[in-house]
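The block underneath contains the structure these notes are about, expressed in structure tokens.
In this text, all values refer to a predicted model and were calculated from it rather than measured experimentally. Heavy atoms only: backbone and side chains are in, while hydrogens, waters and symmetry mates are out. For the single chain, residues carry numbers from 1 onward in sequence order.
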Amino acid sequence: MPTAERLIVLLNSALAAVAFVVNAYAAKDAGPPWKAIRSAVATLAVVYSLGYLWLFIHPDKILGWSSVFRGISPLSWPIVWIIPAIVMRRTQKRVHQAIKSEEHL
């Protein structure tokens, strides 16, 4: 693996580690459903961080890494990109409804 590519792998590992810390911290004081969502994102981030770190240490084993992470990657779409957006929209809708009902009192 070329040096530039190894640096990108290391950067991915570091940024996934930051995502883990930020989401774990956000989950600490979050109420439902955000605690579960942030915890799931943090868990997935630490898996990715460790996976990229493993690839950085073993650059000659990219095929094995790719095989493992192809199985993990489909979890990213619902956990990181889909569910948080759905929950945010539902929360916004509930807040809007609560505001409307308060205005009518």
Side-chain angles (χ1 to χ4, degrees):
M1 186 182 310
T3 302
E5 195 171 333
R6 290 195 74 215
L7 290 175
I8 294 296
V9 167
L10 191 59
L11 180 62
N12 274 313
S13 179
L15 290 173
V18 170
F20 163 72
V21 170
V22 168
N23 281 281
Y25 181 75
K28 183 179 165 196
D29 296 324
W34 296 108
K35 185 176 195 84
I37 290 171
R38 292 292 139 220
S39 296
V41 172
T43 301
L44 189 59
V46 79
V47 168
Y48 269 97
S49 180
L50 294 173
Y52 277 113
L53 187 59
W54 185 90
L55 180 59
F56 180 78
I57 294 167
H58 305 284
D60 55 324
K61 299 187 178 180
I62 195 165
L63 291 178
W65 181 90
S66 179
S67 177
V68 169
F69 276 83
R70 272 195 306 265
I72 294 171
S73 291
L75 294 173
S76 316
W77 296 104
I79 291 173
V80 177
W81 301 107
I82 298 169
I83 295 170
I86 291 170
V87 170
M88 184 192 77
R89 292 290 295 156
R90 287 180 183 165
T91 303
Q92 286 176 326
K93 188 175 182 178
R94 288 183 189 134
V95 168
H96 250 72
Q97 289 171 341
I99 290 170
K100 277 185 175 183
S101 66
E102 287 290 319
E103 288 175 352
H104 293 303
L105 294 178

- Query: Would you find a donor on one side and an acceptor on the other, under 3.5 Å apart, between the side chain of Ser49 and the backbone of Ala45?
  - Reply: no

- Query: Any chance NZ of Lys35 has more than 12 other-residue heavy atoms, nucleotides or ligands included, within less than 6.0 Å?
  - Reply: yes

- Crowding at CZ, Arg90 (>12 non-hydrogen neighbours, <6.0 Å): no

Residues two or more places apart in sequence or in another chain: which of them pass side-chain contact (heavy atoms from CB on, under 4.5 Å) with [X]?
X     : result
Ile8  : Asn12
Trp34 : Ala30, Ile37, Arg38, Val87, Met88, Thr91
Trp81 : Trp77

Group every Ile, Leu, Val, Met, Phe, Trp and Tyr by side-chain heavy-atom contacts under 4.5 Å, then state whether [X] and [Y] land in the same group.
X     : Y     : answer
Val9  : Ile72 : yes
Val68 : Val47 : yes
Val80 : Ile82 : yes
Leu55 : Leu75 : yes
Leu15 : Leu44 : no

- Message: Tyr48: which residues meet the ring-ring contact (aromatic ring centres under 6.0 Å, His included) condition with it, sequence neighbours left out?
- Response: Phe69

- Query: What closest approach, in Å, do Val41 and Ile79 show between heavy atoms, and which atom pair accounts for it?
  - Reply: CG2-O, 3.5 Å

- Looking only at heavy atoms, the pair that brings Ala98 and Ser101 closest together is O-OG, 2.9 Å

- Message: Running the 4.5 Å side-chain criterion over Ile, Leu, Val, Met, Phe, Trp and Tyr, what cluster does Tyr25 land in, apart from itself?
- Response: none

Can you list, pair by pair, the side-chain donor-acceptor contacts under 3.5 Å of residues 58-66, counting residues two or more places apart and other chains?
unit_1 : atom_1 : unit_2 : atom_2 : d
Trp65  : NE1    : Gly51  : O      : 2.8
Ser66  : OG     : Arg70  : NH1    : 2.9

- Message: How long is the straight-line distance from CG of Leu53 back to CD1 of Ile57, given to the nearest 0.5 Å?
- Response: 4.0 Å

